[in-house]
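Okay, handing you the structure first.
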Amino acid sequence: MDNNFVTPYYAVSITTSPLRDDVMFRVMTEKVIELAADQEGFLYSEWSAEACSQLIFYWATLEQATAWMNHTMMIRTLSIGVQFWFDRYSVKLMEVQKEKVVVNGKSWQDNGRFPVIKTTRGVLKLLDESEAPLLKTYVNEQREHLVSWEPQRGEDYYSDETCRLRVKEMRRDFIEDKGCVLCLLNPEQDRMLAYSNYSQFVRGISQSCFLGYSLAEEIQGQGYMNECLEAGIQYVSKELNIDRIQACYMPRNDKSAAVLERLKFEKEGIAKHYLKINGQWEDHVLTALTLR
């Protein structure tokens with residue numbers, strides 16, 4: 001938010017706690033924010049979610065703020081939420097009497113907050129929300145290719161809305177130091193070639209994460225996956241201070257095994273019935289790369 005609004009204006013603040021992290025809570029919250037944005041008098045919203053969640057909607061007039069506070073869908077969402085996602089919530093109606101806005105002359109991207117890494121044949125980056133169509137094209141074009149190596153997906157997984165929410169979640173997880181999703185794009189940055197997800201960051205005495213990845217079928221065998229992961233591992237190691245990366249693969253996935261071997265991941269064991277892939281519980285070979 002970088003606009004100055006005429007004061008006084010009004011706010012409806014919703015605080016929930018303790019928050020149980022649930023993807024459906026985030027999806028429903030995004031839906032409510034979109035609903036609010038369609039209402040007359042809506043100015044903007046702010047949302048943060050950690051141990052508790054705080055969501056604030058800002059409105060031009062007191063009447064519009066009051067109407068939102070009593071909106072049927074908003075009340076319904078809170079009613080569902082208190083059953084599944086949090087134990088209590090409070091709703092406050094507030095007046096903003098004075099406001100001071102300070103704007104950084106450079107964007108986060110200019111300041112290098114989100115990674116953009118040039119590789120030999122492409123650009124490795126954390127997607128922007130405007131690039132969600134690239135993710136949608138990738139998951140749809142590679143659907144049949146990846147079906148044997150991924151969990152079963154519902155049709156919603158391949159939709160515009162889910163891909164947009166996934167990109168927002170990627171960026172939120174990065175800011176909150178939970179993970180880093182790096183996608184390899186072509187040099188023109190209009191096509192996605194590969195996907196790598198460094199997830200479940202553990203800090204303190206561990207400094208570790210898990211790695212998952214995929215590659216477009218038509219460029220297999222050309223070294224793109226290795227290019228993507230080499231640059232990504234260097235970034236999360238040097239910039240994010242992760243020095244142990246764990247990855248696993250099904251014993252029959254020879255290509256994945258070869259990728260990890262080239263990157264010097266070492267086998268640490270086999271986990272029986274470890275992950276449910278395409279509807280079946282599958283054994284996985286456990287590997288790790290230690291950079292300490």
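Numbers for residues simply follow the sequence, beginning at 1.
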- [ ] For the residue pair Leu240 and Tyr198, establish whether any side-chain heavy-atom pair is separated by less than 4.5 Å.
- [x] no
- [ ] Could you tell me whether Gln39 atom CD has more than 12 heavy atoms of other residues or ligands within 6.0 Å of it?
- [x] yes
Task: Inter-residue atom distance Lys276.NZ - Gln152.CD, 0.5 Å rounding - done: 7.0 Å
If you look only at distance, which donor and acceptor atoms sit under 3.5 Å apart when one is on a side chain in residues 204-213 and the other is two or more places apart or in another chain?
| from | atom 1 | to | atom 2 | distance (Å) |
| --- | --- | --- | --- | --- |
| Ser206 | OG | Ser208 | OG | 2.6 |
| Gln207 | OE1 | Gly204 | N | 3.2 |
| Gln207 | NE2 | Asn241 | O | 2.7 |
| Tyr213 | OH | Ser256 | O | 3.4 |
| Tyr213 | OH | Ser256 | OG | 2.4 |

Task: Between CG on residue Leu146 and CD1 on residue Ile277, distance to nearest 0.5 Å - done: 11.0 Å
TODO: Report the C-alpha distance between Leu124 and Cys228 in whole Å, list the side-chain angles of each, state the deciding distance to 0.1 Å, and finish with yes or no for side chain to side chain contact (heavy atoms under 4.5 Å, CB included).
DONE: CA-CA 7 Å; Leu124 188 64; Cys228 173; 3.6 Å; yes
Task: Heavy-atom neighbours of Arg143 CZ exceed 12 at 6.0 Å - done: yes
Task: Output field: ring centroids Tyr44/Phe5 closer than 6.0 Å - done: yes
Task: Where Ser214 and Tyr138 come nearest, the two heavy atoms and their spacing - done: OG-OH, 2.8 Å
Open item on the list: Would you say that more than 12 heavy atoms from the other residues, nucleotides or ligands in this model lie under 6.0 Å from the CD of Gln83, or not?
Closed with: yes
- [ ] Indicate the atoms forming the closest heavy-atom contact of Ile56 with Ala11, along with that distance.
- [x] CG2-CB, 3.9 Å
Task: Same cluster (ILVMFWY, side-chain, under 4.5 Å), Val285 and Met250 - done: no
Open item on the list: Could you check whether any side-chain heavy atom of Phe57 comes within less than 4.5 Å of a side-chain heavy atom of Ile33, counting everything from C-beta outward?
Closed with: yes
Task: NZ/NE/NH1/NH2 to OD/OE distance under 4.0 Å, Lys264 and Glu230 - done: no
TODO: Would you give the length of the straight line joining atom CD of Glu150 to atom NE2 of His145, rounded to the nearest 0.5 angstrom?
DONE: 9.0 Å
- [ ] With Ser90 as reference, evaluate Thr15, Ile14, Thr16 under the side-chain contact (heavy atoms from CB on, under 4.5 Å) test and give the passing residue.
- [x] Thr15
Open item on the list: One pair to check against salt bridge (charged side-chain N to carboxylate O under 4.0 Å, His left out): Glu30 and Arg172. What are the steps and the verdict?
Closed with: CA-CA 13 Å; Glu30 296 282 359; Arg172 185 180 296 119; 3.1 Å; yes
Task: Nearest non-hydrogen partners of Leu134 and Met192, listed with the distance - done: O-CB, 3.9 Å
Open item on the list: Between Thr162 and Tyr158 (side chain of the first, backbone of the second, donor and acceptor by atom type, cut-off under 3.5 Å), is there such a pair?
Closed with: no
Task: Where Val82 and Asp87 come nearest, the two heavy atoms and their spacing - done: CG2-O, 3.7 Å
Task: Expected output: side-chain Ser196 to main-chain Leu182 donor-acceptor under 3.5 Å - done: yes
Open item on the list: Less than 4.0 angstrom from a charged side-chain N to a carboxylate O is my criterion; do Glu34 and Lys168 meet it?
Closed with: no
TODO: State whether the side chain of Ser79 and the backbone N or O of Ile75 hold a donor-acceptor pair below 3.5 Å, judged by distance alone.
DONE: no
Open item on the list: Quick check against the 3.5 Å criterion: does Arg171 have a side-chain atom that pairs as donor or acceptor with the backbone of Leu127?
Closed with: yes
- [ ] Please answer whether the main-chain N or O of Pro8 pairs with a side-chain N or O of Glu95 as donor and acceptor at a distance below 3.5 Å.
- [x] no
TODO: Could you give me the CA-CA distance, side-chain angles and deciding distance for Asn253 and Lys255, then say whether side chain to side chain contact (heavy atoms under 4.5 Å, CB included) is met?
DONE: CA-CA 6 Å; Asn253 192 342; Lys255 291 180 179 178; 4.1 Å; yes
Open item on the list: Looking at every heavy atom in both Gly122 and Glu227, which two are closest together, and how far apart are they?
Closed with: N-OE2, 3.8 Å
Task: Side-chain heavy-atom pair Phe174, Pro115 within 4.5 angstrom cut-off - done: yes
- [ ] Applying side chain to side chain contact (heavy atoms under 4.5 Å, CB included), run through Gln220 and Leu215 and close with a yes or a no.
- [x] CA-CA 7 Å; Gln220 285 192 328; Leu215 177 70; 3.9 Å; yes
Open item on the list: Donor-acceptor pair, distance only, cut-off 3.5 Å: does the side chain of Asn186 make one with the backbone of Arg191?
Closed with: yes
- [ ] State the CZ-OG distance between Phe25 and Ser53, to the nearest 0.5 angstrom.
- [x] 3.5 Å
Open item on the list: Testing Ile175, Asn197, Leu135 one by one against Met170 for a side-chain contact (heavy atoms from CB on, under 4.5 Å), which residue passes?
Closed with: Leu135
TODO: Decide whether Ile270 and Tyr274 are clustered together by the hydrophobic rule: side chain heavy atoms of Ile, Leu, Val, Met, Phe, Trp, Tyr closer than 4.5 Å, transitively.
DONE: no
TODO: Please examine the side chains of Phe265 and Val259, heavy atoms only from C-beta on, and report whether any two atoms are closer than 4.5 Å.
DONE: no
Task: Beyond-backbone contact of Leu35 with Lys31, side-chain heavy atoms, under 4.5 angstrom - done: no
TODO: Find the distance between NZ (Lys136) and CG (Asp160) and round it off to the nearest 0.5 Å.
DONE: 3.5 Å
Task: Any Leu185 side-chain heavy atom under 4.5 Å of Glu131 side chain - done: yes
Task: ILVMFWY cluster, Val202 and Leu291 together (side-chain gap under 4.5 Å) - done: no
Open item on the list: For Leu275 and Glu282: C-alpha separation, side-chain torsions, deciding distance, then whether side chain to side chain contact (heavy atoms under 4.5 Å, CB included) applies.
Closed with: CA-CA 6 Å; Leu275 298 175; Glu282 298 278 0; 5.8 Å; no
- [ ] May I ask you to check whether over 12 heavy atoms, not counting those of Glu268, lie within 6.0 Å of atom CD?
- [x] yes
Open item on the list: Using only atom types and a distance under 3.5 Å, with no angle test, would you say the side chain of Asp283 pairs donor to acceptor with the backbone of His273?
Closed with: yes
Task: Arg203 vs Ile242 side-chain heavy atoms within contact, under 4.5 Å - done: yes
Open item on the list: For Met94, I'd like to know if atom CE has over 12 heavy atoms of other residues, nucleotides or ligands within 6.0 Å.
Closed with: yes
- [ ] Treat each ILVMFWY residue as a node, draw an edge where side-chain heavy atoms are under 4.5 Å apart, and state whether Met73 and Leu55 are in one component.
- [x] yes
Open item on the list: Is the shortest side-chain heavy-atom distance between Tyr10 and Thr66 below 4.5 Å?
Closed with: no
TODO: Assess whether salt bridge (charged side-chain N to carboxylate O under 4.0 Å, His left out) is satisfied between Glu169 and Lys178, documenting all intermediate values.
DONE: CA-CA 10 Å; Glu169 189 79 3; Lys178 294 179 179 178; over 6 Å; no
Open item on the list: I'd like to know if the side chain of Ser13 and the backbone of Lys92 have a donor-acceptor N/O pair within less than 3.5 Å.
Closed with: no
Open item on the list: Could you check whether Phe42 and Trp59 have their ring centres less than 6.0 Å apart?
Closed with: yes
Open item on the list: Tell me the closest heavy-atom pair linking His284 and Cys248, and the distance in Å.
Closed with: CD2-SG, 3.7 Å
- [ ] Test Gln142 against Tyr195 for side chain to side chain donor-acceptor pair (under 3.5 Å), laying out the working first.
- [x] CA-CA 11 Å; Gln142 306 305 320; Tyr195 172 92; over 6 Å; no
Task: Euclidean distance, Lys267 NZ relative to Tyr249 OH, rounded to 0.5 Å - done: 4.0 Å
Open item on the list: Under 4.5 Å between side-chain heavy atoms, counting indirect links through other Ile/Leu/Val/Met/Phe/Trp/Tyr residues: same cluster for Trp149 and Val181 or not?
Closed with: no
